[in-house]
**Student:** 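This is the structure I have questions about; it appears just below.
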Amino acid sequence: SGGGSSGGSGSGGGSGGTTVSTCPSWVVAAYGAALPAEASCTRHGDPDAMSFDVLSRDARGATLELRTGGFWALRLPPGTGEASGTVRVYVPGLDTPSEATAPALPLRRALVEATVGKKVRLVSAEPFDLFGFPGMRPSAVGRPEAAVFSDGTVRPARRAVDAPRLSRGYLPQLSARLAPSVFQGETKSAVVEIFPVRFDGYRQQLV
């Protein structure tokens, strides 16, 4: 089991503290290309306060819990193709979507053992204790590519694509979803993708 609807309504709140800092090395690695000198990172809340637990599991399903205490926001300077006011959001240990047009927001992929021959279903997903972070809109993930320099060196780069726009609702629409199940030998695992940070189109903020 797990989560299917976005569930819960966004509660307002403060950012839990914002700190301007140089970008951690793991954020640069997650971005996947060299950062311009003018790029900046801001630390919101406590990004390291992240935990994932399986609260219960039996033959019929499982209950999962993901807790996040904050995130890092990467802001690229003008001239890089990123829309003004957009950020890329990172949480230690969490992935970034692979689709170029997807919002650059973190996701947690969890494997849950499932029964072969039976359909996997996501029952519900409920966000709790939400905080609002006004003035930030996610950029798109973009397309990875190779940049060739005049000296012949080749370095990883990322081509920006148009940032997703939303006037209402949430992006991603759901706080959790099922990806196609995977098999390791004869063991079947359901793949649950959880999005702890989303964009609230109504209030034009991250939650």
Side-chain angles (χ1 to χ4, degrees), residues 1-13 15-16 27 30-32 42 44-45 47 50-52 62-76 82-83 85-112 120-144 158-182 189-207:
S1 302
S5 63
S6 58
S9 59
S11 61
S15 65
V27 170
Y31 175 64
T42 51
H44 302 268
M50 194 278 295
S51 64
F52 175 77
T63 300
L64 316 176
E65 180 183 70
L66 174 66
R67 289 178 174 266
T68 51
F71 59 85
W72 283 89
L74 167 63
R75 196 182 300 268
L76 297 177
E82 300 277 282
T86 62
V87 296
R88 295 171 179 268
V89 178
Y90 299 95
V91 173
L94 271 60
D95 297 322
T96 297
S98 56
E99 303 92 339
T101 57
L105 299 172
L107 70 88
R108 174 62 156 88
R109 291 187 178 93
L111 298 183
V112 182
V120 178
R121 187 165 60 97
L122 204 55
V123 176
S124 65
E126 299 180 66
F128 294 100
D129 302 325
L130 298 179
F131 287 89
F133 299 86
M136 288 190 288
R137 182 166 62 95
S139 65
V141 171
R143 293 185 175 86
R158 187 169 293 277
R159 176 177 296 181
V161 301
D162 290 341
R165 293 187 176 274
L166 191 70
S167 59
R168 61 180 184 176
Y170 284 89
L171 189 70
Q173 182 180 6
L174 303 178
S175 58
R177 68 185 183 189
L178 277 179
S181 298
V182 297
S189 294
V191 181
V192 184
E193 296 184 336
I194 307 171
F195 300 92
V197 182
R198 295 191 294 161
F199 179 65
D200 180 351
Y202 293 104
R203 298 176 178 84
Q204 295 293 299
Q205 65 178 6
L206 294 178
V207 294

**Student:** Let me confirm one number: the CG-OG1 distance from Asp129 to Thr68, rounded to the nearest 0.5 Å.
**Tutor:**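 Taking CG in Asp129 and OG1 in Thr68, the distance rounds to 10.0 Å.
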**Student:** Is the shortest heavy-atom distance from the side chain of Leu74 to the side chain of Val87 under 4.5 Å?
**Tutor:**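 No - every pair of side-chain heavy atoms lies 4.5 Å or more apart.
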**Student:** State, with a plain yes or no, whether a side-chain heavy atom of Leu206 is found less than 4.5 Å away from one of Phe131.
**Tutor:** no
**Student:** Using side-chain heavy atoms (C-beta onward) and a distance below 4.5 Å, is Trp72 in contact with Thr42?
**Tutor:**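 They are not in contact (no side-chain heavy atoms under 4.5 Å apart), so the answer is no.
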**Student:** Side-chain contact, heavy-atom cut-off 4.5 Å: Thr101 with Val141?
**Tutor:** no
**Student:** Less than 4.0 angstrom from a charged side-chain N to a carboxylate O is my criterion; do Arg75 and Glu82 meet it?
**Tutor:**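 No.
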**Student:** Kindly write out the residues that satisfy salt bridge (charged side-chain N to carboxylate O under 4.0 Å, His left out) with Asp162, not counting sequence neighbours, or none if the list is empty.
**Tutor:** none
**Student:** Calculate, to the nearest 0.5 Å, the distance between atoms CG and OG1 belonging to Leu107 and Thr96 respectively.
**Tutor:**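 Taking CG in Leu107 and OG1 in Thr96, the distance rounds to 7.0 Å.
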**Student:** Only one of Arg203, Gln204, Arg198 passes side chain to side chain donor-acceptor pair (under 3.5 Å) with Asp200; say which it is.
**Tutor:**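 Passing option: Arg203.
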**Student:** Under the salt bridge (charged side-chain N to carboxylate O under 4.0 Å, His left out) test, which residues partner Arg67, sequence neighbours left out?
**Tutor:** Glu65
**Student:** Any idea which heavy atoms bring Leu105 and Phe199 closest together, and the distance?
**Tutor:** CD1-N, 4.2 Å
**Student:** For Ser98, give me all partners under side chain to side chain contact (heavy atoms under 4.5 Å, CB included), at least two apart in sequence or on another chain.
**Tutor:**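 If we apply the side chain to side chain contact (heavy atoms under 4.5 Å, CB included) test to Ser98, skipping adjacent residues, there are no hits.
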**Student:** Any side-chain heavy atom of Val89 within less than 4.5 Å of one from Pro138?
**Tutor:**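 No - every pair of side-chain heavy atoms lies 4.5 Å or more apart.
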**Student:** Show the numbers, then the answer: is there a side chain to side chain contact (heavy atoms under 4.5 Å, CB included) between Val120 and Leu178?
**Tutor:** CA-CA 8 Å; Val120 178; Leu178 277 179; 3.7 Å; yes
**Student:** Taking the six-membered ring for Trp, are Phe133 and Phe71 ring centroids under 6.0 Å apart?
**Tutor:**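 Distance test on ring centres: under 6.0 Å, yes.
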**Student:** Should Asp95 and Arg109 count as an ion pair when the cut-off is N to O under 4.0 Å?
**Tutor:**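 The answer is yes: the pair qualifies as a salt bridge.
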**Student:** Are the side chains of His44 and Met136 in touch, meaning some heavy atoms are under 4.5 Å apart?
**Tutor:** yes
**Student:** Validate the cation-pi geometry between Arg88 and Tyr31: distance from NZ or CZ to the six-membered ring centre under 6.0 Å, angle to the ring axis within 45°.
**Tutor:**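 No.
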**Student:** For residues Val91 and Pro47, determine if any side-chain heavy atom of one lies less than 4.5 Å from a side-chain heavy atom of the other.
**Tutor:**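 SC-SC contact between Val91 and Pro47 ruled out.
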**Student:** Any chance you could measure Leu66, atom CG, to Phe195, atom CZ, to the nearest 0.5 Å?
**Tutor:**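 One finds 11.5 Å between CG of Leu66 and CZ of Phe195.
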**Student:** Taking all non-hydrogen atoms of both residues into account, name the closest pair between Val191 and Pro180 and its distance.
**Tutor:** CG2-O, 3.4 Å
**Student:** Please test Val207 against Val197 for side chain to side chain contact (heavy atoms under 4.5 Å, CB included), starting from the C-alpha separation and ending with a verdict.
**Tutor:** CA-CA 6 Å; Val207 294; Val197 182; over 6 Å; no
**Student:** Looking at every non-hydrogen atom in both residues, tell me the closest pair between Ala125 and Pro127 and how far apart they are.
**Tutor:** O-CD, 3.9 Å
